[in-house]
Amino acid sequence: MKILKLIFRNTFRHKLRTFLTILGIAIAVIAFGLMRTVVSAWYAGVDASSANRLITRQAVSFIFPLPYSYRDKIARINGVEKVTYANWFQGVYIDKNQFFPRLAVDADTYLDVYPEFLLSKKELDTFKKERNSCVIGADIAKQYKLKLGDVMTIDGDIYPGTWEFVVRGIYKPKFKSTDATQMLFHWKYLDETMKKSSPGRAGKIGWFIVKIKDPNQSAEISSEIDGLFKNSTAETKSETERAFQQGFLASTSAIITAMNFISFVIIGIIMLVLGNTMIMSARERTREYAVMKTLGFSGKHLIWLIMGESLLISIIGGGIGLLFVFPIVAGFAEVIPKGFFPIFRIVPITIILSASLAILIGIASAIFPIQRALKTKIVDGFRFVG
Amino acid sequence: MSALIKVENVSKSYKRDSFEIPVLNNLSLSVDEGEFIALMGPSGSGKTTLLNLIAGIDKPSEGKIFVNETEVSSLNESALAKWRASNIGFVFQFYNLIPVLTAFENVELPLLLTHLSKSERKEHVETALNVVSLSDRMDHYPKQLSGGQEQRVAIARAVVTDPLVLVADEPTGDLDKNSADEILILLERLNKEFKKTVVMVTHDPHAAETAHLIRHLDKGELV
Ligand SMILES: Nc1ncnc2c1ncn2[C@@H]1O[C@H](COP(=O)(O)OP(=O)(O)O)[C@@H](O)[C@H]1O
Ligand SMILES: [Mg+2]
């Protein structure tokens with residue numbers, strides 16, 4: 001307990017140096033936490049994806065539509081439980097910076113396939129009945145202060161015109177990883193309008209979501225679906241939702257890989273900063289360590305003395321960093337375009353990772369100085385001139 | 001057996017890179033219990049080295065050293081550390097106090113290795129500081145004390161464990177005359193009143209006069 005006091009006093013012997021080191025660690029932990037948050041936000045879609053859902057899209061590209069008529073053919077395949085579909089509508093809500101997904105879906109089945117979108121029976125029934133109604137995620141409702149009965153006006157871009165939807169349902173996310181930023185409305189409403197204004201675009205959907213009975217059959221069913229439409233004008237590509245998400249990520253993942261890498265480079269840098277501080281401190285105390293050894297203190301005592309100081313600095317720095325990373329991530333969430341990341345928050349693993357890395361750095365930074373203190377003979381310690 | 005310290009045919013050399021520097025050459029010395037001996041000699045003659053060997057913070061290359069019938073030169077590192085803690089009190093030229101600890105805490109430091117309770121430690125520390133007349137400076141940090149006062153704190157730290165032997169390496173080397181005299185009087189008192197065997201290294205003839213016995217060292221040999 002006296003050793004603790006000595007550790008504490010040693011740590012704050014050079015106040016400025018210790019302060020700068022702590023600041024450095026805190027900033028690095030914040031940067032690390034922020035980067036990990038971006039990385040985990042990026043992968044949130046993959047985590048949320050279900051293994052018993054297949055996505056069937058146009059083989060050439062996601063942006064080409066598929067005929068609505070494929071639906072019944074897919075539904076007849078063995079092992080398929082339900083088929084629903086969606087169409088990317090987009091449009092401009094308020095202004096171009098509001099990014100959440102707006103999808104034209106099959107009102108009758110879509111939520112059956114996405115049970116993680118929790119909607120009351122009453123709201124679901126009203127939604128199904130009213131052609132121009134829509135359902136929105138709780139996050140969206142909160143963000144735009146929308147309530148049941150409100151009208152959302154969207155300027156169409158892919159589908160020109162001014163579109164008005166009445167909010168008839170607000171769904172809640174079942175899991176933390178569930179995207180609560182979607183807006184869903186009747187595909188049939190879209191399709192009717194298309195039949196009138198541009199009949200060539202009618203009867204087309206963006207992709208099918210195929211719920212299967214047994215996730216282990218995903219490969220067979222996928223190839224069976226794609227086999228059905230082989231050599232047709234619109235060939236399909238089916239894969240699990242997870243693979244679909246990952247494929248989508250792969251195209252943009254160079255940045256994420258870089259971030260992932262840099263987040264660990266940061267750790268290396270803090271290690272050097274703290275390591276340097278510890279080496280300087282231990283060097284200056286060479287004589288004092290010799291005195292302590294002379295008085296009968298053992299290597300174990302010196303290890304604690306040095307390790308304790310290193311850990312104290314890294315824990316204070318890491319603690320301050322963690323304390324600030326929450327408001328800073330929240331601030332970032334405010335400035336990045338809405339809906340760009342459906343889920344942008346610090347996940348527990350980021351906290352665990354930051355905290356354990358801070359401790360690890362504390363230990364690692366003490367190794368060199370400890371080695372030196374143990375190796376130095378008493379007589380050489382007394383002869384040492386800093 | 002009246003000799004407390006026996007140095008028998010001790011040689012010591014230091015390795016520097018590839019060649020060896022001989023420092024002590026087949027040296028023998030014995031010091032009786034209760035003795036106050038001064039080791040004198042020119043700089044580099046091996047005084048500090050001899051003192052370090054007697055105090056068990058270094059080992060001879062050849063020969064044996066006994067202190068109170070313990071063969072110090074044969075003890076291993078950790079046994080030696082324990083032996084030092086209970087048998088030797090150290091006084092250095094540059095005091096070597098821990099700057100972040102108060103006078104009280106510096107004196108208490110060696111007691112942390114004992115089984116004494118907090119209140120017992122307090123008693124011992126206060127007694128030791130009383131002997132060196134610094135009871136009123138307990139809560140001062142080294143940098144708030146004069147050189148002479150720092151050295152007195154160092155002496156209190158050296159005697160707080162009640163060791164058999166006090167070793168002092170140029171204890172007055174960095175002090176003005178008045179402070180030096182105070183230190184010498186203190187060492188004399190510890191020798192007379194508290195029956196400590198004192199081995200003091202000095203190159204100051206005035207300081208050496210305090211001792212009962214003066215031995216001269218030159219080029220690693222007693223002359
Ligand atoms: N730890 C050491 N490593 C290498 N050389 C040393 C060491 N200690 C002392 N010496 C050398 O041994 C010689 C005697 O040193 P020392 O005992 O300190 O002399 P004194 O105390 O009489 O001035 C000197 O030449 C010194 O350089
Ligand atoms: Mg010397």
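Here is the naming used below: chain letters follow the sequence lines, and residue numbers restart at 1 for every chain.
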[atom1]/[X]: more than 12 non-hydrogen atoms of other groups inside 6.0 Å:
{"X": "B:Glu20", "atom1": "CD", "result": "yes"}
{"X": "B:Tyr141", "atom1": "OH", "result": "yes"}
{"X": "B:Glu33", "atom1": "CD", "result": "no"}
{"X": "A:Phe12", "atom1": "CZ", "result": "yes"}
{"X": "B:His216", "atom1": "NE2", "result": "yes"}
{"X": "B:Lys64", "atom1": "NZ", "result": "no"}
{"X": "B:Phe66", "atom1": "CZ", "result": "yes"}
{"X": "B:Tyr14", "atom1": "OH", "result": "yes"}

* Hey, what do you get for CG (B:Leu112) to NZ (A:Lys2), rounding to the nearest 0.5 Å? -> 6.5 Å

In the structure I gave you, are the side-chain heavy atoms of [X] and [Y] within less than 4.5 Å of one another anywhere?
{"X": "B:Leu109", "Y": "A:Phe297", "answer": "yes"}
{"X": "B:Pro99", "Y": "A:Arg13", "answer": "yes"}
{"X": "A:Leu295", "Y": "B:Arg157", "answer": "yes"}
{"X": "A:Ile378", "Y": "B:Arg84", "answer": "yes"}
{"X": "B:Ile57", "Y": "A:Phe382", "answer": "yes"}

* Looking at B:Ala85 and A:Gly296, what are the two nearest heavy atoms and their distance? ->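 Reported closest heavy-atom pair: CB-CA, 4.2 Å.
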
* Under 4.5 Å, counting heavy-atom pairs only, tell me which of B:Ile98, B:Leu80, B:Ile88, B:Leu97 racks up the most with chain A. => B:Ile98

* Structure fact -> In terms of heavy-atom pairs under 4.5 Å with chain A, the winner among B:Asp58, B:Leu113, B:Thr48 is B:Leu113

* Between A:Arg9 and B:Glu105, is there a salt bridge with N-O shorter than 4.0 Å? ->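 Looking at A:Arg9 together with B:Glu105, the answer is yes, because their closest N to O distance falls below 4.0 Å.
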
* Asked: In terms of heavy-atom proximity below 4.5 Å to chain A, should B:Asn96 be classed as side chain, backbone, both, or neither?
  -> both

* Under 4.5 Å from any heavy atom of chain B - which part of A:Thr294 -> both

